[in-house]
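Numbers restart at 1 for each chain; the letters A, B, ... are given by sequence-line order, proteins then strands. Only this structure's heavy atoms are used, side chains among them; waters, hydrogens and symmetry mates stay out.
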There are 2 protein chains.
Amino acid sequence: MNRRPRTAVTLADVAEVAGVSKAAVSGVLNGKPRVAPSTAQRILDAARTLGYHANPTAQQLRSGRTNAIGFVIPELNRPYFGELATHLANQLDAQGQHLVIQRSGGSKEHELAAAQFAQLRRYDAVILSVLGVDPPDLESLGFSIPLILLGEKSMPGAHPQVIMDNEAGAHNAVTHLLTHGATRIVMLGGSHSPDRNDMTRRRTDGYRSAHCDTNHPLNEELIVELTGVGPEAGYHAITTLIDAGTPFDAVFAVTDVVAIGAMRALADAGFTIPGDVQVIGFDDITDGCYTIPRLSSVNPHKERIAQAVLDLIAEPETAPQAVTIPTTLTLRESTQR
Amino acid sequence: MNRRPRTAVTLADVAEVAGVSKAAVSGVLNGKPRVAPSTAQRILDAARTLGYHANPTAQQLRSGRTNAIGFVIPELNRPYFGELATHLANQLDAQGQHLVIQRSGGSKEHELAAAQFAQLRRYDAVILSVLGVDPPDLESLGFSIPLILLGEKSMPGAHPQVIMDNEAGAHNAVTHLLTHGATRIVMLGGSHSPDRNDMTRRRTDGYRSAHCDTNHPLNEELIVELTGVGPEAGYHAITTLIDAGTPFDAVFAVTDVVAIGAMRALADAGFTIPGDVQVIGFDDITDGCYTIPRLSSVNPHKERIAQAVLDLIAEPETAPQAVTIPTTLTLRESTQR
DNA sequence: GTGAAAGCGCTAACAA
DNA sequence: TTGTTAGCGCTTTCAC
């Protein structure tokens with residue numbers, strides 16, 4: 001009478017129909033050649049007839065393995081992460097795994113953290129884009145699965161990490177501007193507080209060092225903090241700057257998305273790009289190839305980042321603790337030649 | 001000797017330290033007031049001291065519940081899905097659930113389907129953006145969890161669905177163009193084959209009916225099929241059209257992303273927008289507010305779609321089988337007033 | 001108010 | 001070559 005325990009067909013059902021043990025069914029379905037071909041065929045037939053599908057939850061509880069890699073990102077609608085995720089997913093699909101994406105942001109940071117991090121134990125490994133998460137937080141969570149940090153700056157801790165060379169990238173971009181006629185460069189989305197250790201801060205450091213290395217004066221008023229990460233933040237900040245009468249002849253935006261908002265604000269105010277104002281973004285997203293003018297940008301080499309992450313996952317111990325991926329500068333139409 | 005079964009702290013460990021049963025621990029941790037306050041406190045202390053985190057896999061196997069909703073989308077770097085996912089995630093976070101995103105596309109469609117759909121059983125419900133999945137496929141998968149279809153056209157089958165009113169949206173957009181000076185409108189990303197039943201086809205239907213209803217002649221040569229879904233596809237198609245000398249005075253693009261590529265191609269060829277050529281896209285993505293000129297678009301009301309999906313998940317049976325969300329037209333700068 | 005026991009569906013040892 | 005057994009870590013009756 002318990003042929004249908006709930007609604008789904010279980011492995012036990014298949015075993016019963018095929019007249020074999022559950023172990024035999026499990027073996028055949030997982031490609032372990034433990035039984036005679038005739039038995040295997042009988043099992044396969046029974047499974048198909050019943051419409052059996054393995055319960056991944058039970059499989060994981062028993063075997064400890066999933067074929068899923070979690071990727072935790074701060075926002076779901078950011079082109080940079082979308083493109084990076086695509087690279088990761090392509091590689092993982094090819095090796096029979098799959099990528100699963102979750103958002104870490106949302107309303108309150110830490111409230112989510114507690115509940116959400118627990119859920120990450122469902123994955124074989126987790127790629128975590130660190131923003132507000134501090135090392136002590138991570139340790140206190142008692143992470144038992146491989147965790148790869150995708151970050152801005154080397155963080156002390158026991159987890160391997162792939163870090164983008166933010167400072168060098170920003171340095172190159174700003175140096176290019178300074179050596180191509182710019183004297184007053186807005187750092188759009190920069191950071192004034194020296195205690196922060198995030199992407200914003202790292203890129204501002206590069207902005208500063210570029211001025212220093214080329215003996216250009218640096219105006220703190222040109223380092224503009226942003227309240228958001230979307231194009232509207234860049235648009236609003238540039239509009240405010242123009243309205244205030246602050247002169248500038250270039251914009252280095254913390255991300256391409258922000259740069260796109262900035263370019264719109266410049267166009268609305270009647271400035272030409274790159275004639276009146278040059279613009280460089282960061283991330284080299286695809287959208288930048290279709291803006292008017294096409295956006296020059298710091299290319300973080302997402303495909304290399306993805307590869308480095310997967311390598312780190314593949315070789316848990318032997319790999320170096322922190323891999324830094326260098327950036328290059330992609331010049332398009334928003335900067336002077 | 002089996003105090004540490006593996007590496008993680010289990011509920012049994014907490015029970016032992018607190019000197020209570022596993023049931024008591026489980027109850028307290030799940031907020032079920034079954035024990036005395038003093039006992040509860042002891043359990044909480046023990047859990048914190050040991051750094052206990054519940055194993056979600058085991059919880060699910062036993063209780064059948066996750067707090068995760070799966071969202072399966074065709075590509076990871078499409079703004080429309082990113083924005084829709086953000087709406088869904090915002091709502092779900094607020095009610096203690098979380099959204100998990102996976103890609104259905106990738107290399108081969110059906111090969112993935114088999115392995116991947118099985119994994120979806122890990123979720124309480126799955127929101128599936130249907131593209132190449134046919135109804136028979138779905139049924140054969142023996143889905144045992146609530147499945148919401150997010151689609152273009154009502155599909156026969158047992159699953160509730162939220163459908164975008166593609167045809168009406170396209171009809172409105174094209175009618176606007178036809179009544180504002182356009183006579184030769186390119187349907188960029190249209191479909192010639194009448195047997196398809198996808199988004200492409202639905203929007204082309206609206207394009208056709210708009211011509212018909214307003215007594216405008218329709219040129220099949222202006223219905224251009226695309227090989228991709230990114231801006232490069234729109235860019236390439238428009239460039240080809242211009243090179244071929246095909247005259248046109250408006251473009252209705254199947255998505256905003258394609259429209260953005262088209263606008264770039266028009267600019268490169270020296271056409272003004274909307275003076276020489278008007279452009280309307282579909283999806284009303286945020287990026288459209290920052291293009292030059294700002295992009296007019298069919299607004300599918302993603303927040304309403306998200307709400308409808310969640311309503312359908314919340315009330316499994318009582319809800320209507322298929323909900324259609326109407327679209328509106330958002331006019332910006334890429335069309336004539 | 002609390003504990004004991006019975007599994008959820010599966011896999012990995014060990015027996016046969 | 002195959003079947004039996006013992007759990008993975010948790011929730012949930014049911015007894016006390």
Problem set entry | Partners passing side chain to side chain donor-acceptor pair (under 3.5 Å) against B:Gln91 (at least two apart in sequence or in another chain) | B:Gln307
Problem set entry | Check: B:Gly27 main-chain N/O paired with B:Asn30 side-chain donor or acceptor under 3.5 Å | no
Exercise. Between D:dT12, C:dG1, C:dT11, which one does the side chain of A:Leu11 approach most closely?
Worked result: C:dT11
Exercise. Could you give the CD1-to-P distance, from A:Ile43 to D:dT1, as a whole number of Å?
Worked result: 14 Å
For this session: Please report, rounded to the nearest Å, how far the P atom of C:dT11 is from the CG atom of A:Asn67.
Result: 12 Å
For this session: Please list, chain by chain and in numerical order, all residues satisfying side chain to side chain contact (heavy atoms under 4.5 Å, CB included) with B:Val229, sequence neighbours excluded.
Result: B:Arg78
Exercise. Below 4.0 angstrom from OP1 or OP2 of D:dC8, is there any side-chain N or O of A:Arg121?
Worked result: no
Problem set entry | Test side chain to side chain contact (heavy atoms under 4.5 Å, CB included) applied to A:Ala46 - qualifying residues, sequence neighbours left out | A:Val14, A:Val17, A:Ala18
Problem set entry | Contact under 4.0 Å: B:Gln59 side-chain N or O vs D:dT11 OP1/OP2 | yes
Problem set entry | With B:Gln60 via side chain to side chain donor-acceptor pair (under 3.5 Å) - residues at least two apart | A:Thr57, B:Thr66
Problem set entry | Distance in angstrom units between A:Arg42 CZ and D:dT2 C1', rounded | 11 Å
Problem set entry | Side-chain N,O (B:Ser26) to OP1/OP2 (D:dT11) below 4.0 Å | yes
Seminar exercise, completed: Residues pairing under side-chain hydrogen bond (donor to acceptor under 3.5 Å, both in side chains) where one sits in residues 79-89 of chain A, two or more places apart or in two chains, turn out to be A:Glu83-A:Thr286, A:Glu83-A:Lys302
Exercise. What's the closest nucleotide to the B:Val35 side chain, out of D:dC8, C:dT2, D:dT12?
Worked result: C:dT2
Exercise. Can you check the A:Leu29 CG to C:dA12 P distance for me, whole Å?
Worked result: 13 Å
Problem set entry | Atom-to-atom span, NE2 of A:His53 to P of C:dC10 - whole angstrom | 12 Å
Exercise. Quick one: side chain to side chain donor-acceptor pair (under 3.5 Å) partners of B:Asn77, sequence neighbours excluded?
Worked result: none
Problem set entry | Value in whole Å for how far the P atom of C:dG9 lies from CG of A:Leu50 | 15 Å
Exercise. Between A:Arg65 and C:dA12, does any side-chain N or O lie under 4.0 Å from OP1 or OP2?
Worked result: yes
For this session: Report the residue (B:Ala36 or B:Ser63) whose heavy-atom-nearest nucleotide on DNA chain C is the more 5′ of the two.
Result: B:Ala36
Exercise. Taking OP1 and OP2 of C:dT11, is either one under 4.0 Å from a side-chain nitrogen or oxygen of A:Asn30?
Worked result: yes
For this session: Mind calculating the distance between CG (A:Leu61) and C1' (C:dA12) to the nearest angstrom?
Result: 13 Å
Would you list the protein and nucleotides 3-7 of chain C atom pairs, both N or O, that sit under 3.5 Å from each other?
residue : atom : partner : partner atom : Å
C:dG3   : OP2  : B:Ser21 : N            : 3.1
C:dG3   : OP2  : B:Ser21 : OG           : 3.4
C:dG3   : O6   : B:Arg34 : NH2          : 3.1
C:dG7   : N2   : B:Arg62 : NE           : 3.4
C:dG7   : N2   : B:Arg62 : NH1          : 3.0
C:dG7   : N3   : B:Arg62 : NH1          : 3.3

Exercise. Do B:Tyr123 and B:Gln97 meet the criterion of a side-chain donor-acceptor pair at a distance under 3.5 Å?
Worked result: no
For this session: With axes from five pairs an end, tell me the bend angle of the helix from C:dG1-D:dC16 to C:dA16-D:dT1, nearest 10°.
Result: 40°
Exercise. Got a donor-acceptor contact below 3.5 angstrom from the B:Asp93 side chain to the B:Asn90 backbone?
Worked result: no
Exercise. With sequence neighbours left out, what residues match A:Asp45 under salt bridge (Lys or Arg N to Asp or Glu O under 4.0 Å)?
Worked result: A:Arg48
